[in-house]
Number of protein chains: 2
Amino acid sequence: MIKMKQATINDVARIAGVSKRTVSRVLNGSLSVGENTRTKIQNVINDLKYSPNTQARGLASSRSYLLGLIYDNPDALYLDDVQRGVLEVCSNLGYELVVHPCRYKSETLVQDCLRFISRSKLDGIIVLPPVSELEDLAQALRDSGRAYVRLSSVALDDAKHIVVSDDRAASAEMARYFAQLGHEHIAFITGPQAYKSSIERMEGFKLGLSAYGIKLRSDWIVEGNNSYEKGIECARQLLLASERPTAIYANNDQMAAGVLKVAHELGIQVPQQLSVAGFDDNMLASRVIPSLTTIRRPVRQMALLATTKMIMSIENNDKGAENVAAKVAPTLVVRESTAKLT
Amino acid sequence: MIKMKQATINDVARIAGVSKRTVSRVLNGSLSVGENTRTKIQNVINDLKYSPNTQARGLASSRSYLLGLIYDNPDALYLDDVQRGVLEVCSNLGYELVVHPCRYKSETLVQDCLRFISRSKLDGIIVLPPVSELEDLAQALRDSGRAYVRLSSVALDDAKHIVVSDDRAASAEMARYFAQLGHEHIAFITGPQAYKSSIERMEGFKLGLSAYGIKLRSDWIVEGNNSYEKGIECARQLLLASERPTAIYANNDQMAAGVLKVAHELGIQVPQQLSVAGFDDNMLASRVIPSLTTIRRPVRQMALLATTKMIMSIENNDKGAENVAAKVAPTLVVRESTAKLT
DNA sequence: TTGTAGGCGTTATCAG
DNA sequence: CTGATAACGCCTACAA
């Protein structure tokens, strides 16, 4: 197998009998090229299977055609969805995706990310929650002068820099659903208090309940951390108390699974004696027995919106970037773990 | 915030009072540089916080410092592990990771991947199973002249191009474990027959059982496809038959979860009346009730080995690449879903 | 041990 | 509408 040298813009220019400046023009879709010359050049490009060298292009235009994805993601559940979503939008436009896993709690997170983006000369950066909530990082991104979009549950940035999932509204819907099932003795297991999403979900839930005149007892709000183990711990606390709630809403599916585990241990029937719900609709939700009522975020769509937004920013279409939808609505998914109070 | 232009090699050279050729030398760790000049230059580099421009460097040396990750990954479970593993090794060496999700079944898979690697000028490519098993792709990678490493359950390439997880041995261990629990009426739900891993796991299981004089009845080998739904379907077939196995080993955890679901529906107690085991040790395994006995692959370690191997190849240390371990051993994880036959 | 000069493949300036 | 020509930042024969 002989390795052919890739054709260059010079080859194209030579064979087409024009200057490379003109080839460059058609490459970048300049309007000021004669129709004839354009098609002629286009043909040569096709014949040679020529495709521009990204590095050279980047060197000359100080762009890399590289997008970065910064995530922490202890659960690692949406990662594939996000990556596919981003690439679905950017791949055809010639961009690739460089990933940067990191740790939310790391001391060096910001400088770490900065090194990443400057070293790779990224054209744009997408940041997933909860890292996206760090203002230090956001400021650093702004200072870097690069395009960026944050995914979050709160609108903590300008329209062109954010895509928010309305966790609050979704939680309110869960509250409504619980209330309509007749539940009044309801408990909530929170997420880490440092995360905006935790606050949103709790507030939304409270709000939704209050519409039905139901108030969350303070001792039925227990602080979790989104882990399965902590879910178990919190569930024990709730279910072993003298008075027991008839429904538990956990900040995520992991913890909800923990609740199911404890209920099972204690011989409490779900959903007959206890309704349980989570948030995320991750793989657990549908596989666990009984399957979990939960809330699903349109992850893929968020990735699509974020990427679209970002590419518009990169290509100096700020107006466009602002106009791409910045908010998506998660939806309630009812399964077996919740039922009417009997 | 004023955006300073990044310092270039010229700045360093000028300030250090040497030619840029010399700076280049210290950058690339050439030995033929005087100790004085070296430290002098190094100081300037530190002062200026200079770091070489990857694009320019790539353009000149035809390297990109980019590694690619090709995966299909319907389960998306190890993705984060793999990505972190790869970066753990390559990040300090100046490489970044570009991801390329794809579809095993896609007609255009190979050309698609080729476009990816040539467009990004990747220095090396890591391919995850089952895509890694496609010989077409492998051949294309070889032809491309680039470094690559495949992860698989079979040694289908030279030592320097592969890291294999010994699924066969692991399955044999599972067989041994089953046999020691006293099971003889054992069923196996296979994975897609097109995947090597499916074959390895089945063969290993048969082999392990035969050591105990147990033979898998052909009607107790049912063909699954690694999905939860199919697991349910296969479990029904097995558990509704006139004669029922006392143990079921599924090719992965998803299907094993399906078995648990059906057992639950049919009122069959696991593990008292039926032992169930899976493969992967994904999140489901530990969260499901009862938790699943399964097999865990050292995913992170595989990623580390593969990356180490690949970087050695890239840097022309073929001998080294061959000598990095090419095989890892998955381990049996015993949980609640299996028990002694009573 | 160090420096000179040319090239890598594009983009972009500025004339024509 | 088109074409020389100079960057872009770094590497590398080839010299000295």
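Letters A, B, ... mirror the listed sequences (proteins, then strands); counts begin at 1.
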Self-check item: Atom-pair distance (CD1 on B:Ile9; C1' on C:dG7), nearest Å
Solution: 15 Å

Quiz item: Do A:Arg300 and A:Glu88 meet the salt-bridge criterion of a basic N to acidic O distance under 4.0 Å?
Solution: yes

Quiz prompt | Phosphate contact (C:dT2 OP1 or OP2) by B:Thr37 side-chain N/O below 4.0 Å | solution = yes

Quiz item: Does A:Lys309 use its side chain to pair, donor to acceptor, with the backbone of A:Ala159 at less than 3.5 Å?
Solution: yes

Quiz item: In residues 52-67 of chain B, which ones come under 4.0 Å of DNA chain C, going by heavy atoms?
Solution: B:Leu59, B:Ala60

Practice problem: Measure from the side-chain N and O atoms of B:Ser132 to the backbone N and O of B:Leu151, and report whether any donor-acceptor pair falls under 3.5 Å. | Solution: yes

Quiz item: Between A:Glu96, A:Arg57, A:Lys121, which is the residue that forms a side chain to side chain contact (heavy atoms under 4.5 Å, CB included) with A:Tyr65?
Solution: A:Arg57

Quiz prompt | Nearest-angstrom distance from the residue atom CG of B:Asn10 to P of C:dT4 | solution = 12 Å

Quiz prompt | Spacing of A:Ile41 atom CD1 relative to D:dG3 atom C1', expressed in whole Å | solution = 12 Å

Quiz item: In degrees, rounded to 10°, what is the bend between the two ends of the helix from C:dT1-D:dA16 to C:dG16-D:dC1, using five pairs at each?
Solution: 30°

Practice problem: Looking only at non-hydrogen atoms, find the nearest pair between B:Cys102 and B:Val131 and report the distance. | Solution: SG-CG2, 4.0 Å

Quiz item: Does the ring pair (Phe, Tyr, Trp, His ring centres under 6.0 Å) test come out yes or no for A:Tyr71 and A:Tyr78, once each step is laid out?
Solution: CA-CA 11 Å; A:Tyr71 72 94; A:Tyr78 292 114; over 10 Å; no

Quiz item: Within a reach of under 6.0 Å around CD of B:Glu107, are more than 12 heavy atoms found that belong to other residues, nucleotides or ligands?
Solution: no

Quiz item: What are the two closest non-hydrogen atoms of B:Gly68 and B:Leu122, and how far apart are they?
Solution: CA-CD1, 3.6 Å

Quiz item: Is A:Thr37 reaching over with its side chain to a backbone N or O of A:Gly34, donor-acceptor style, under 3.5 angstrom?
Solution: yes

Quiz item: Taking B:Ser30 for the side chain and B:Val26 for the main chain, is one N or O donor matched with an acceptor at less than 3.5 Å?
Solution: no

Exercise. Enumerate the residues from residues 16-29 of chain A whose closest heavy atom to DNA chain C is under 4.0 Å, giving them by residue number; use none for an empty result.
Key: A:Lys20, A:Arg21, A:Ser24, A:Asn28

